[in-house]
Each structure stands twice: as structure tokens, then as C-alpha cells.
Number of protein chains: 2
Amino acid sequence: MGIEDIREPTFLVLAALADGAKHGYAVIREVEAISDGRVTLRAGTLYAALGRLAGQGLVRQSGEEVVDGRLRRYYDLTDAGAEVLAAQAARLRQNAAEADRRLRARARLGTAPA
Amino acid sequence: MGIEDIREPTFLVLAALADGAKHGYAVIREVEAISDGRVTLRAGTLYAALGRLAGQGLVRQSGEEVVDGRLRRYYDLTDAGAEVLAAQAARLRQNAAEADRRLRARARLGTAPA
DNA sequence: CAGCACATATCGATAGTCGATATATTCTGA
DNA sequence: TCAGAATATATCGACTATCGATATGTGCTG
């Protein structure tokens, strides 16, 4: 339950911040783009995740700005956050590779042994 | 929230069954092996997942057997289960690739702009 | 001037996983 | 020989990340 239990929405939040600081709403749009529209973060999910990740030292607030009378609160990845993201990405790749390997083994035997 | 919301433990259960039918306890050991010891399924997680996946038509009970006086209940993937697993694996790969791409962009700029 | 995009935030409900517990048999080591 | 671990199933309460809804306010567009 430490830092290693990361679900897709939270993973995508880290990924969205990996290439530079963004404000919350921009993260929501970025996550939607990253995931080809599959994941639309709820505001509740986003701000809860940012708070949680900040508490874990993976994300940090990097300033505020007012644009067109609207407040923007920026966040970016810490080095620890980048490390966790890299480790998680490796894990996803490994899981996907293992699943594919087994699916190929299945295909070799003939599908659905009814 | 249909069938597309799958967490790591459930994904690994599907993966464990992808290359052939197994009984519950064997799935637990297989998942541990697949994940290099990172994921040890709790019995509660496993049987809940199997029941849920069976209800979604992704897994099906494929028979019972008594070995050394102990009951074994076997499960295997349906074709639908194999398709979902393949789709999820693709998704993991895509998420991992996107994270890596952004982490490389970050590295290019110089880590942690203090 | 209605409605949507932008931008933040909180709150109750849902659901998957964990941790603990229960039951029963067989194998292993001291 | 007998305690403990491994095998094998299953249930239940607790935790928590996410969802869905709601709230508040500004600025742009039709």
C-alpha cells in the first residue's frame, strides 16, 4: 500500500506532468489526449490525486498564476515522482508482455477448447 | 464502467488463465510468478475476481477435480476474456510508451528545474 | 443573455482489494 | 509424533481510489 499501488487515472496524472508543469484543468485535458479519449478525469479524482501525490512527495505545487481573471495552480513532478512513474511504466510493459506471451500460447493450441 | 475498468490484480488473473485452465490456488501462485513476486493475491481478491469475471463472461468454470482429497475448481478464459485481455495489454503498453516518451522529454530539458 | 469552456474544490456512493478469519487435508521436519 | 507449513476453498469487514454530482465564479461565443 505504499507508493506502488497506482491505478490508471493516477498513472496518467503523473505522465501528464512528466514533460513539464501544468495546472489542474490542463492535466485533465492532457490525460484525455494521452489516453486517446478513453480516460476523462473527474475533478474529484484529479484534485484528490494531486493532493495525495503531493503528500507522497511525487508531485509538488510549482506556483500560481492568474490568466484572464482565472486562477491557475501549477503542479510538476519531483525527481521521486519521475522515478516512480518510470518504475510503473516498466511494470505495465512487463505485465502487457506477459499477457501477450500467454495469449500467443493460447492461440497456438487452438482457441476455446469448448 | 463496463468491462474496461480493470486493475492490476484482475488483469493478472486473466493473464494467468490465458494459456490454459487453472484452479484458484494455482492462479495465486501463477500471478506471483508472472509478477516476479510483486503481487500476492489474497484469497478474497481472487475468488471475488473470478466470480465477477464469470458474471461478465470473461472467465468460465471448466470443471472440478479431487486431488489428494482436496477439491480443485478449474477456471479458464472465454474468447471474450481473451479479447478483453488483449485490449487491456495494448492499453498498458500504450500508457507505458506515453509515459516513457514524456520522461525522455523531461530528461532532455534537465531534471528538476528546482 | 443563455450556454459552454475554463478553473477550482468538496462530498456521498461505488467497487475492487486487503487483511483477517474459517475449515479441512496432506506433506515435512524436528 | 506432532507442530507447522503448504494446499485449497470461501466469507466478511475495512480501506481507499475513483466516480458522479454539485458548487462557485470568470470569460468567450452565438
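Lettering follows sequence order; numbering is per chain, from 1.
- Computed from coordinates, the B:Ile6 CD1 to C:dA15 C1' distance equals 14 Å when rounded to whole Å.
- The side chain of A:Tyr75 approaches C:dA9 more closely than any other nucleotide in the set D:dG27, D:dA17, C:dA9.
- In terms of phosphate contacts, B:Thr10 brings no side-chain nitrogen or oxygen within less than 4.0 Å of OP1 or OP2 of C:dG16.
- A donor-acceptor pair under 3.5 Å is formed between the side chain of A:Arg106 and the backbone N or O of B:Leu77.
- At whole-Å resolution of the value, CD in B:Glu8 and C1' in C:dG16 are 13 Å apart.
- Atom CZ of A:Arg72 is separated from atom C1' of C:dA9 by 18 Å (rounded to the nearest Å).
- For B:Glu30, the salt bridge (Lys or Arg N to Asp or Glu O under 4.0 Å) partners two or more places apart in sequence, or in a different chain, are A:Arg102.
- We find that CG of B:Leu41 is positioned 15 Å from P of D:dT7, with the value rounded to whole Å.
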Next on the checklist: What verdict does the side-chain contact (heavy atoms from CB on, under 4.5 Å) test give for B:Glu8 and A:Glu8, after you've listed the backbone C-alpha separation in whole Å, the side-chain angles of each residue and the deciding distance to 0.1 Å?
Outcome noted: CA-CA 10 Å; B:Glu8 194 182 31; A:Glu8 195 182 30; over 6 Å; no

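- Taking A:Gln61 as the reference, nothing meets the side chain to side chain donor-acceptor pair (under 3.5 Å) condition, with sequence neighbours excluded.
- In this model, the phosphate group of C:dG16 is not approached by any side-chain N or O of B:Thr45 to a distance below 4.0 Å at OP1 or OP2.
- With rounding to the nearest 0.5 angstrom, the CG atom of A:Leu41 is 10.5 Å from the OH atom of A:Tyr47.
- One interatomic measurement links the two molecules: CZ of A:Arg7 to P of D:dA17, which rounds to 7 Å at whole-angstrom precision.
- In terms of modelled atom types and a separation under 3.5 Å, the side chain of A:Thr10 and the main chain of A:Ala49 share no donor-acceptor contact.
- Distances shorter than 4.0 Å separate some side-chain N or O of A:Arg52 from OP1 or OP2 on D:dT18.
- Applying a 4.0 Å cut-off to non-hydrogen atoms, the residues of residues 23-38 of chain A that approach DNA chain C are A:His23, A:Gly24, A:Tyr25, A:Arg29, listed by residue number.
- In this model, no side-chain donor or acceptor of B:Arg73 finds a partner on the base of D:dT9 within 3.5 Å.
- In this structure, the OH atom of B:Tyr47 is 4 Å from the P atom of D:dT9, given to the nearest Å.
- When rounded to the nearest whole Å, the span between CG of A:Asp68 and C1' of D:dG25 equals 14 Å.
- Evaluation of atom-type donor-acceptor distances gives a pair under 3.5 Å for the side chain of B:Arg70 against the base of C:dT25.
- Taking the side chain of A:Ala49 as heavy atoms from C-beta on, and the options D:dT18, D:dT7, C:dG16, the nearest nucleotide is D:dT18.
- If you take CG of A:Asp5 and P of D:dA17, they are 7 Å apart, rounded to a whole angstrom.
- No donor-acceptor pair under 3.5 Å is formed between the side chain of B:Lys22 and the backbone N or O of B:Asp76.
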